[in-house]
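Just follow the structure's listing: the first ligand is 1, and inside any ligand the first atom is 1.
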Amino acid sequence: MAQEYKLILKHADEPGYTRDIECYLRHGGYDVLKKTLAMAPKDLPDGKKKSPQEQIRDDVKISGLRGRGGAGFSCGLKWSFVDRKSGKPIYLICNADESEPGTFKDRQIMYKDPHQLIEGMVISCFANDVHLAYIYIRGEMVDGAKILNEALKEARAKNFLGKNILGSGYDLEIHVHRGAGAYICGEETGLIESLEGKRPYPRIKPPYFPAVLGLWMCPTIVNNVETLCNVKHIVAMGGAEFAKLGTPNNTGTRIVSLSGHVKKPGYYEIEVGKATIGELINDPKFGGGLRDGRKLKAVIPGGSSAKVFKAGEKFKLKKKSADGQMVEQEVDMLDLPYDFDSLIAAGSMSGSSAIIVMDDSTDIVEALANVSEFYAHESCGQCTPCREGSLWMSKALHRLTHGEGRASDADYLVKIADNIPGGRTICAFGEACSWPVQSFVGKFKDEFVAKGKADEERRAKENVQLVKATPPERHELATAH
Ligand SMILES: Cc1cc2nc3c(=O)[nH]c(=O)nc-3n(C[C@H](O)[C@H](O)[C@H](O)COP(=O)(O)O)c2cc1C
Ligand code: SF4
């Protein structure tokens, strides 16, 4: 039976737990940092020594930790790409933009246990020879910024930050930087541009891989809030022990944001892959099931950009049998383990680990129109396919949801969506705005066609010409929020 497993959120919701440093210290806070700074170089068989920094980086690799921001990229591997020979300073940025619709996990950490994030950051910075780091927090999280600044002040006062931390000779400063309310600032290179004081236009990779050419063209690590908190636990328990949590290649825990038509929406921390989508939706320990009398219609498994699953969908997944052979198994969508690899194998992703549940009361065309309006509004506009395509899709969906649809709109939408991603755009927003359209229309095409057809029939009956649709123009979208 799936259980909650609280590693990151161990204390956050305990009665009486407060976010001030004294409470954190009473719960063993900053002990792992003390252990880190007291680490000695390790003797190697060839007579050489491995520095404490290298030991931590190795441990993070061994832990199998994958980024919790969206792409699920190996944290240890990302750190190994950092150019340590450039002679330039290395920066670390905590991505606290958390803007993917449906996602509300990073804020639980920042608002309730900010020192855990700071401790994770200081250890990560130490491991990577970073002396200046930033927390880039979503602009709307006004209180979050205040809380983090207060926590940083407390940490400085106790010398967990600043010059010569705890007498170790290591210096580090962390600053909070507030965004101004743009989703694209969550994309790491857009974030870096924004931090440099410019428009958050994502940069082309290559050459602008942050690990080599990041902030101020210096090597930079960008990691998500939850990822950085995990580093503290990896150092505390050791990489190999951490890797026992979760499932192979999907180690540790994840905080899942569960929203939509369930009885108990909320955030639930689980060992990765040790609960299925169905358990997260239906188990009384998690979502508690759908609202009474309702049936499941669809599930978005990883934030609004993840491809939607249709109730009853089946997937062929490769699994290891008892004798170690890889065998193909048919798995119902609800039985998919909630991990990185299973969801990718099923054609979607766990993304920012935000599950959005839709029951049979959902108008799927309206739901997609809502998602698409968001993406049309948030495209930064640098790439023509994304800038124009996201708006065309939103306009077509506006038509369909305002009585001006056409039966051919379904195909029209997919044609646009198919022509945005696949290397035609600078950043992954191209995929993010196309995947919902491809999957919603692909899996619920009959509803899109029926809506357009009904509009056509009504217009024919009333002898109304489709002269001009009236979708919002881009400037209207820009001011509508
Ligand atoms: C359009 C877009 C928005 C993103 N928004 C966020 C975000 O809000 N928070 C986040 O941590 N990562 C976000 N990411 C992923 C980041 O670019 C980056 O991969 C991540 O911060 C790396 O951290 P991780 O390796 O710890 O996951 C976004 C990516 C894209 C393409
Ligand atoms: S894909 Fe979209 S959001 Fe990303 S850089 Fe291009 S226009 Fe901007």
Check each heavy atom of [X] against ligand 1 and say whether those closer than 4.0 Å belong to the side chain, the backbone, both or neither.
| X | result |
| --- | --- |
| Arg68 | backbone |
| Thr227 | side chain |
| Glu98 | backbone |

Identity and separation of the nearest protein heavy atom to [atom]:
| atom | result |
| --- | --- |
| atom 1 (C) of ligand 1 | Tyr183 CE2, 3.6 Å |
| atom 25 (O) of ligand 1 | Lys78 NZ, 2.9 Å |
| atom 17 (O) of ligand 1 | Glu188 N, 2.9 Å |
| atom 2 (C) of ligand 1 | Glu187 CB, 3.9 Å |

(message) How close do Asp341 and Arg66 get, counting heavy atoms only, and between which atoms?
(response)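 Distance-wise, the nearest heavy atoms are OD1-NH1, 3.1 Å.
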(request) Locate the shortest heavy-atom distance separating Gly422 from Glu431; write the atom from each residue and the value. (result)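 Reported closest heavy-atom pair: N-OE2, 3.3 Å.
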(request) Could you tell me whether Lys34 and Asp31 have a side-chain N and a carboxylate O separated by less than 4.0 Å? (result)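 Judged by the 4.0 Å cut-off on N to carboxylate O distance, Lys34 and Asp31 do form a salt bridge.
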(message) Please compare Ile184, Asn95, Asn224 and report which has the shortest non-hydrogen distance to atom 7 (C) of ligand 1.
(response)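 That would be Asn95.
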(message) Could you tell me, atom by atom, which parts of ligand 2 come under 4.0 Å of a heavy atom of Ile184?
(response)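 By the 4.0 Å cutoff, the relevant atoms are 3 (S).
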Going by heavy atoms in the side chains, are [X] and [Y] under 4.5 Å from each other?
| X | Y | value |
| --- | --- | --- |
| Leu213 | Arg203 | no |
| Met110 | Ile147 | no |
| Ile300 | Phe440 | yes |

How are the rings of [X] and [Y] set to each other: parallel, tilted or perpendicular (split at 30° and 60°)?
| X | Y | answer |
| --- | --- | --- |
| Tyr134 | His175 | tilted |
| Phe73 | Phe81 | tilted |
| Tyr183 | Phe374 | perpendicular |

Please list, in number order, the atoms of ligand 1 under 4.0 Å from a heavy atom of [X].
| X | answer |
| --- | --- |
| Gly67 | 24 (P), 25 (O), 26 (O), 27 (O) |
| Ser99 | 8 (O) |
| Ala428 | 31 (C) |

(request) Work out whether the distance between some heavy atom of Cys427 and some atom of ligand 1 is less than 4.0 Å. (result)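 Checking ligand 1 against Cys427, which is what was asked, there is no heavy-atom contact under 4.0 Å.
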(request) State if Glu100 counts as touching ligand 1 under the rule of any non-hydrogen atom under 4.0 Å. (result)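 No; Glu100 lies far enough from ligand 1 that no heavy-atom distance drops under 4.0 Å.
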(request) Indicate whether the side chain of Asp411 and that of Ser408 have a donor and an acceptor atom separated by less than 3.5 Å. (result)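 Asp411 vs Ser408: no donor-acceptor pair found between side chains.
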(message) Within the 3.5 Å criterion, strictly below it, is a donor on Ser353 or Tyr338 matched to an acceptor on the partner's side chain?
(response)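 Looking only at side-chain atoms, Tyr338 and Ser353 do not form any donor-acceptor pair under 3.5 Å.
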What I want to know is whether [X] and ligand 1 share at least one N or O pair that is separated by under 3.5 angstrom.
| X | value |
| --- | --- |
| Gly186 | yes |
| Gly69 | yes |
| Asp97 | no |

(message) Applying side chain to side chain donor-acceptor pair (under 3.5 Å) to Tyr24 and Glu119, what does each step give before you reach the verdict?
(response) CA-CA 10 Å; Tyr24 189 64; Glu119 188 174 5; 2.5 Å; yes
(request) Assert yes or no for the condition that the ring centre distance of Phe242 to His233 is strictly below 6.0 Å. (result)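 That pair fails the under 6.0 Å test.
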(message) Closer than 2.8 Å to atom 6 (Fe) of ligand 2, what protein N/O/S atoms do you find?
(response)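 The answer, once waters are left aside, is Cys383 SG.
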(message) Ring of Phe444, cation from Lys310 - is the NZ or CZ under 6.0 Å from the centre and inside 45° of the axis?
(response)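 Judged by the rule (NZ or CZ under 6.0 Å from the ring centre, within 45° of its axis), Lys310 counts as positioned above Phe444.
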